[in-house]
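What follows is one structure encoded as structure tokens, with my remarks underneath.
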There are 2 protein chains.
Amino acid sequence: MATIKEVAKHTGLSSTTVSRVINNHPYVDEAKRKKVLEAMEELGYVPNSSARRLRGQRTNTIAVIISRIVNPFFSHLVDAMEKLAAEQGYQLILCDSRLEKKREIRHLELLKTKQVDGIILASIQNDWKDIEPYTRYGPILSCNEYDSKASMPMVVCDQKYGGYLGTRHLIERGHTKIAYAGGADRIELTRDRFTGFEQAMKEAGLAIREDYLFTSYYGIDDGKNIFHRMYALEEKPTAIFAGGDEVAAGVIKEAKRFHCRVPDDLAVIGYDNQPIADLIDPGITTIDQPMKLMGTRAMEMMMDMITHNRRTMYQKEVLPLQLVVRQST
Amino acid sequence: MATIKEVAKHTGLSSTTVSRVINNHPYVDEAKRKKVLEAMEELGYVPNSSARRLRGQRTNTIAVIISRIVNPFFSHLVDAMEKLAAEQGYQLILCDSRLEKKREIRHLELLKTKQVDGIILASIQNDWKDIEPYTRYGPILSCNEYDSKASMPMVVCDQKYGGYLGTRHLIERGHTKIAYAGGADRIELTRDRFTGFEQAMKEAGLAIREDYLFTSYYGIDDGKNIFHRMYALEEKPTAIFAGGDEVAAGVIKEAKRFHCRVPDDLAVIGYDNQPIADLIDPGITTIDQPMKLMGTRAMEMMMDMITHNRRTMYQKEVLPLQLVVRQST
DNA sequence: CCTGGTTATGATATCGTTACCATATAACGT
DNA sequence: ACGTTATATGGTAACGATATCATAACCAGG
């Protein structure tokens with residue numbers, strides 16, 4: 001609509017002076033500044049951000065890539081990020097990979113095409129070698145998920161420890177037949193968590209049974225599914241470590257429906273400490289991940305990278321995990 | 001990095017021809033087209049989207065304003081929107097108003113500054129008179145929430161009916177002392193839902209007691225809170241209609257903790273039919289809102305408005321609500 | 001009175017694309 | 001042979017802002 005030139009014409013000043021007013025440049029006569037502001041008001045002038053972006057080479061926009069926004073873990077992460085971004089005058093583009101590599105790559109292209117100033121990866125589907133090329137177009141950092149081959153800043157939790165912590169807890173409760181449900185194997189976070197599980201089992205001299213392992217499960221329905229597969233087994237596990245509170249909730253829901261008592265017949269431990277863990281009955285024992293803190297720190301680091309023009313600086317920040325004991329174990 | 005001019009120089013052609021290749025213009029010699037594509041590949045050329053936006057006056061970006069992303073209702077809505085947007089090559093900017101008018105207005109500014117092609121309002125904090133001015137800068141439509149004074153396209157549910165439906169159900173179960181917990185009064189959706197409640201109560205010849213009404217409640221903790229305030233009453237209600245499954249879940253959680261049996265001592269009905277409603281024990285009877293459908297339809301309408309350049313076309317699409325009976329009533 | 005810094009303003013080039021107009025050859029019908 | 005249309009290409013002016021350079025008035029210090 002109204003452009004800077006029209007404001008200039010309207011005031012009899014040059015567009016340069018108008019621009020100075022807009023950007024609070026010091027050397028502008030007070031009377032003229034007022035005049036310009038009035039004209040802007042009158043014409044309903046607003047700076048066109050596409051023009052500013054082109055000229056200034058900055059977008060004030062950040063993309064966050066997650067794998068499933070309906071997962072409360074990601075909702076909370078994104079919530080914390082959005083809050084900080086908004087406070088700093090940044091926009092947040094929500095990119096959902098839906099666990100697909102192609103979608104993730106398409107979202108990374110945003111950096112190439114200069115639609116965003118930086119990208120936060122809260123979920124990683126592709127190998128580092130496919131992501132790395134994008135780092136030359138702007139800052140990329142990971143939050144929550146990670147790749148040890150990658151050299152990018154990261155805000156993560158010690159997943160090996162998390163896996164260990166949960167498993168130890170089950171062992172301390174006297175369990176020996178422990179099942180494990182995790183995400184996709186190709187994900188390092190998933191493998192690390194499993195490593196922690198293995199370690200605790202090994203320490204206790206317990207064997208890991210193939211038929212007690214479930215992979216690539218995320219949601220409530222997956223949890224229900226797993227329950228049935230477990231209970232179809234000849235020798236049933238007495239405890240399960242689920243890779244997320246939603247899965248745990250699904251297991252518990254179905255267990256109760258089939259009169260399998262939790263935790264007496266089957267102990268269940270989740271992961272994340274989502275609100276739901278405290279809501280259902282019995283409350284889910286879980287590994288607390290500091291979702292808010294992770295999101296906030298990641299965004300802070302991103303801002304820092306953008307404003308100080310740092311690129312592939314390598315920095316790993318590890319946030320604490322914690323066991324939260326409730327009634328499901 | 002590499003611009004269209006460099007590709008032009010590299011091929012010995014004009015930037016116009018390169019642009020034609022990029023945009024699949026028909027009149028380009030096949031051999032030259034190939035040559036351009038090779039040069040683009042070699043130089044790692046990618047069109048700069050800020051320049052395109054400026055030139056083309058389109059951003060391929062849509063903003064969605066919600067009030068709280070951690071509310072699963074909004075997560076699901078946004079999920080459906082993001083999916084469709086991505087398929088059509090659009091970006092989605094997540095705008096969380098956190099129930100604050102100022103934030104909402106700041107987000108509406110995105111349309112003025114040409115950062116987005118359109119805005120979907122899934123939550124409305126401001127009066128129509130404060131939103132209306134923005135409609136002249138681009139398409140705005142509402143999804144879920146609405147304002148009868150507003151003339152913008154809407155995708156909504158019949159909230160009066162929803163309120164009526166839930167209340168009737170409680171009445172049919174024999175309840176007469178029915179409490180009601182809703183959102184903020186200034187929201188029309190909230191008032192309509194309450195109107196439905198009133199109507200059902202009136203039809204049954206039941207009185208509405210002031211001390212049974214709770215306003216401005218949204219989350220799990222609010223639900224817990226409400227339970228305590230209800231149970232501090234001399235004459236306790238035997239049923240409560242909560243304006244969201246999270247609130248209902250909070251009420252139930254706390255009820256159980258204080259040995260108040262659901263539904264025998266207290267029947268609880270929720271709203272939305274979020275996954276949680278089916279998960280907790282007892283399952284929450286609730287009013288199903290077609291979240292996916294609402295999100296999808298809203299985004300479809302937005303696309304239509306953008307591509308056909310429609311503005312304040314008034315169109316109201318009402319999607320069906322449904323009572324889902326579980327064990328909490 | 002001259003030099004040099006502070007204050008104030010404007011002209012112009014530039015960011016990277018694409019729309020529009022101009023030009024040129026080839027192909028075609030009459 | 002000649003106008004007409006389809007095919008192919010390039011030059012240039014936008015889109016709307018701001019960085020840079022140039023200019024000029026003013027005041028202070030020597």
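So that the names make sense, note that chain A is the first sequence line, chain B the second, and so on, each numbered from 1.
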Practice task
Give one of base, sugar-phosphate or nothing for A:R20, where a contact means two heavy atoms less than 4.0 Å apart.
Solution key: base
Exercise for the section: Using only side-chain N and O atoms of B:Y27, determine if any of them is under 4.0 Å from OP1 or OP2 of D:dA8. Expected result: no
Practice task
Answer with base, sugar-phosphate or nothing: what part of the nucleic acid does A:V7 contact at a heavy-atom distance below 4.0 Å?
Solution key: nothing
Handout entry: side-chain N/O B:K32 vs D:dT9 OP1/OP2, d < 4.0 Å
Key = yes
Practice task
Calculate the interatomic distance between B:Q115 atom CD and D:dG16 atom P; express it in whole Å.
Solution key: 15 Å
Practice task
Indicate, with a heavy-atom threshold strictly under 4.0 Å, whether B:R52 touches base, sugar-phosphate, or nothing.
Solution key: sugar-phosphate
Exercise for the section: Would you mind reporting whether A:I65 and A:I120 have side-chain heavy atoms less than 4.5 Å apart? Expected result: no
Practice task
Using only side-chain N and O atoms of B:Q57, determine if any of them is under 4.0 Å from OP1 or OP2 of C:dT18.
Solution key: no
Handout entry: B:S148 vs B:E188, side chain to side chain contact (heavy atoms under 4.5 Å, CB included): CA-CA, chis, key distance, verdict
Key = CA-CA 8 Å; B:S148 59; B:E188 187 165 335; 3.0 Å; yes
Problem - Among C:dT17, C:dG10, C:dT18, the one nearest A:L13 by side-chain distance - result: C:dG10
Practice task
Round to a whole Å and report the spacing from NZ of B:K5 to C1' of C:dA13.
Solution key: 11 Å
Exercise for the section: Could you verify whether a donor N or O on one side chain and an acceptor N or O on the other, from B:E109 and B:Y134, lie under 3.5 Å apart? Expected result: yes
Handout entry: Donor on one side chain, acceptor on other, A:E145 and A:Q125, under 3.5 Å
Key = no
Handout entry: For atom CD of A:E30 and atom C1' of C:dA8, their distance in whole Å
Key = 13 Å
Completion exercise
Contacts of A:V46 and B:R55 projected onto DNA chain D by closest heavy atom; the upstream (5') one is B:R55
Problem - Nearest-Å distance for atom pair CD1/P, residues A:I4 and D:dA17 - result: 5 Å
Practice task
Check the distance between C:dT17's P and B:I22's CD1 and give it to me in whole angstrom.
Solution key: 6 Å
Exercise for the section: Examine C:dG10: is either OP1 or OP2 under 4.0 Å from a nitrogen or oxygen in the side chain of A:T17? Give yes or no. Expected result: yes
Practice task
State whether A:T3 places a side-chain N or O below 4.0 Å from either non-bridging phosphate oxygen (OP1 or OP2) of D:dG16.
Solution key: no
Handout entry: OP1 or OP2 of D:dA17 under 4.0 Å from side-chain N/O of A:Y45
Key = yes
Problem - Length of the line joining A:R58:CZ and D:dT18:P, which is rounded to integer Å - result: 13 Å
Handout entry: B:N48 side-chain N/O to C:dC15 phosphate OP1/OP2 under 4.0 Å
Key = no
Problem - Proximal nucleotide (of D:dT20, D:dG11, C:dG16) relative to the B:T16 side chain - result: D:dG11
